[in-house]
There are 2 protein chains.
Amino acid sequence: MQAVHISAKADYGMRALLELTASYLENPKQLVKGDAISKAQGIPVKFLEGILRQLRQSGIVASQRGAEGGYRLDRSPNEVSIADVVRALDGPLAAVRGQRPEDVEYVGPSEHLKEVWVALRAAMRDVLEHITLADVAANNLPAPISALLDEPGAWQRRIG
Amino acid sequence: MQAVHISAKADYGMRALLELTASYLENPKQLVKGDAISKAQGIPVKFLEGILRQLRQSGIVASQRGAEGGYRLDRSPNEVSIADVVRALDGPLAAVRGQRPEDVEYVGPSEHLKEVWVALRAAMRDVLEHITLADVAANNLPAPISALLDEPGAWQRRIG
DNA sequence: AGTTTTCCTAGTAATATGATGGGAAAGATA
DNA sequence: TATCTTTCCCATCATATTACTAGGAAAACT
Ligand code: FES
Ligand code: FES
């Protein structure tokens, strides 16, 4: 339906990782149980399990089974970008009709449409690659990005 | 699957509009038949019909039925942005779990996640609101946007 | 052993996507 | 008026994706 859709998986995943970031900042080796994250953020527990498994397979999270087990970040939170998380959970950032933006071919007057999609992807990267879990946890976004939030209308939806 | 997905509808719609832009630049009142657009761009004809109808309902395209009928732009191509087209065909630019970015609520360590999604939407707007059909047809993108294309790696996919 | 917690595979209901088909309505031409 | 052309509109369809849920195996700890 929408050009950009942050899926439930990506949104839940970010929230889980921010819980783990808070725990990491207390003690980097501390484990947090899936059940605790689920309750803290209101995420269905079995769904969350799958998300955390995917994040482990991508090397973002580490886990331990059994009593006193749980999850923790496997990298420092200032080394995990939002783009890393979204790619781990939803695949490549951008696609045009299922293909990579650089792979679609255009003829005639639409010859230069490819540039538009590539520029769009670059703009998204400039946001998502440069924000880390640590930035969000500390509410301290990189300056060029918080500038975007000061644009008039940034917080309103566009009507029309 | 992807965070940003330019749907077949939006991609076909842009290509159709760029055909109409070319015709407009010859003669603003000139009509182009759906069948001609379909053949020129390789778009399934019945699917294209529905897309053009949606664009007409959004006031971007005008149409006339009957022999010697067809479609044309209803506004000058430098007054139609990519964002207008994408919104007409795919709905709002950005959503988080089906909601507007400004409507989602976060608690605890994820409190400031909303800012990230709002900044992402603002970055997309900065690209899509400022490129017009005329810009793409003339291969003459606004300077801040073509700067994005010069970034190292803009044309490569990220292997991450 | 027994308990806890993660790991893994499968399945499912609801919705979106990318179409296709059949004709009605409107405009042009003869 | 009759006919042809082209858009308009409705309904349908196959496939895929999304957001979950169920059930149990495998590890780690007491
Ligand atoms: S991703 Fe474009 S500058 Fe870093
Ligand atoms: S949309 Fe942000 S500056 Fe125009």
Side-chain angles (χ1 to χ4, degrees), chain A residues 1-13 15-16 20 29-39 41-58 60-72 74 86 89-92 95-99 104, chain B residues 1-13 15-16 20 29-39 41-58 60-72 74 86 89-92 95-99 104:
Chain A
M1 190 76 175
Q2 284 92 207
V4 179
H5 190 214
I6 303 301
S7 66
K9 240 160 117 167
D11 184 56
Y12 289 159
R15 286 156 61 184
L20 294 182
K29 297 287 173 202
Q30 185 171 281
L31 295 165
V32 184
K33 294 199 216 316
D35 190 60
I37 301 175
S38 159
K39 284 189 171 117
Q41 289 290 328
I43 305 172
V45 69
K46 286 299 244 177
F47 193 32
L48 177 64
E49 258 184 34
I51 292 168
L52 287 167
R53 184 154 26 93
Q54 258 182 286
L55 290 171
R56 181 182 50 88
Q57 285 161 355
S58 309
I60 295 173
V61 150
S63 63
Q64 186 161 8
R65 301 204 251 200
E68 304 303 295
Y71 302 90
R72 62 174 173 81
D74 200 27
V86 172
L89 296 173
D90 285 351
V96 178
R97 272 171 54 229
Q99 296 178 72
V104 289
Chain B
M1 190 76 174
Q2 284 91 207
V4 180
H5 190 213
I6 303 301
S7 65
K9 240 159 118 169
D11 184 56
Y12 289 160
R15 287 156 60 184
L20 294 182
K29 298 286 172 203
Q30 187 171 280
L31 295 166
V32 185
K33 294 199 217 317
D35 190 59
I37 300 175
S38 159
K39 282 189 173 117
Q41 289 291 327
I43 304 173
V45 70
K46 286 299 246 177
F47 194 30
L48 177 65
E49 259 184 32
I51 292 168
L52 287 167
R53 185 156 23 94
Q54 259 182 285
L55 291 171
R56 180 182 49 88
Q57 285 161 356
S58 309
I60 295 173
V61 150
S63 63
Q64 187 162 8
R65 302 204 251 201
E68 306 301 298
Y71 302 91
R72 62 173 172 83
D74 200 27
V86 172
L89 296 173
D90 284 352
V96 178
R97 273 171 55 229
Q99 297 179 70
V104 289

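Throughout, protein chains are lettered first and strands after them, A, B, ... in sequence-line order, and every chain is numbered starting at 1.
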Q.
Of the options D/dC20, C/dT5, C/dA25, whose atoms approach the side-chain atoms of A/Arg65 most closely?
A. C/dT5
(Q) For C/dC7 and A/Tyr71 - does any side-chain N or O of the residue sit under 4.0 Å from the phosphate oxygens OP1/OP2? (A) yes
Q: Indicate, with a heavy-atom threshold strictly under 4.0 Å, whether A/Gly50 touches base, sugar-phosphate, or nothing.
A: nothing
Q | A/Ile43 CD1 - D/dC20 P separation (whole Å) | A | 10 Å
**Q.** Gap between atoms CD and C1', on A/Gln64 and C/dT5 respectively (whole Å)
**A.** 10 Å
Q) Taking atom P of D/dT5 as reference, at what distance in whole Å does atom CG of B/Leu31 sit? A) 18 Å
**Q.** Closest-nucleotide 5' rank along DNA chain C - winner of A/Leu52 and A/Ala67
**A.** A/Ala67
Q.
Please report the distance, rounded to the nearest Å, between NZ in B/Lys33 and P in C/dG27.
A. 15 Å
Q: Please state how far atom CD in B/Glu49 lies from atom P in C/dG22, giving the value in whole angstrom units.
A: 14 Å
Q | Value in whole Å for how far the C1' atom of D/dT21 lies from CZ of A/Phe47 | A | 11 Å
Q: Ignoring backbone atoms, test whether B/Tyr12 places a side-chain nitrogen or oxygen under 4.0 Å from the OP1 or OP2 oxygen of C/dG18.
A: no
Q. On DNA chain D, nearest-nucleotide positions of B/Gln57 versus B/Gly69: which is more 5'?
A. B/Gly69
Q.
Testing the basics here: between B/Asp11 and B/Ile6, what is the closest heavy-atom pair and its distance to 0.1 Å?
A. N-CG2, 4.1 Å
Q. For the side chain of B/Lys46, counting heavy atoms from C-beta on, which of D/dT21, C/dG23, D/dT6 is nearest?
A. C/dG23
Q) Which pair of non-hydrogen atoms, one from A/Leu52 and one from A/Val61, has the smallest distance, and what is that distance? A) O-CG1, 4.3 Å
Q: Go through D/dC20, C/dC7, C/dG18 for me and flag the one nearest to the A/Arg53 side chain.
A: C/dC7
(Q) Restricting to non-hydrogen atoms, name the atom on A/Gly13 and the atom on A/Ile51 that form the minimum distance, rounded to 0.1 Å. (A) CA-CG2, 3.8 Å
Q. Once you round to the nearest 0.5 Å, how far does NZ of B/Lys29 lie from CZ of B/Arg72?
A. 4.5 Å
(Q) Are more than 12 heavy atoms, taken from residues, nucleotides or ligands other than A/Glu68, located less than 6.0 Å from that residue's CD atom? (A) no
Q) What's the CG-C1' distance between B/Leu48 and C/dG21, to the nearest Å? A) 17 Å
Q.
Please tell me if A/Arg56 has a side-chain N or O lying less than 4.0 Å from either OP1 or OP2 of C/dC8.
A. yes
**Q.** Spacing of B/Glu68 atom CD relative to D/dT7 atom P, expressed in whole Å
**A.** 11 Å
Q: Ignoring backbone atoms, establish whether B/Gln54 has a side-chain N or O less than 4.0 Å from OP1 or OP2 of D/dC9.
A: no
(Q) If the cut-off is 4.0 Å, is A/Ser63 near the phosphate of C/dT5, judged by side-chain N/O to OP1 or OP2? (A) no
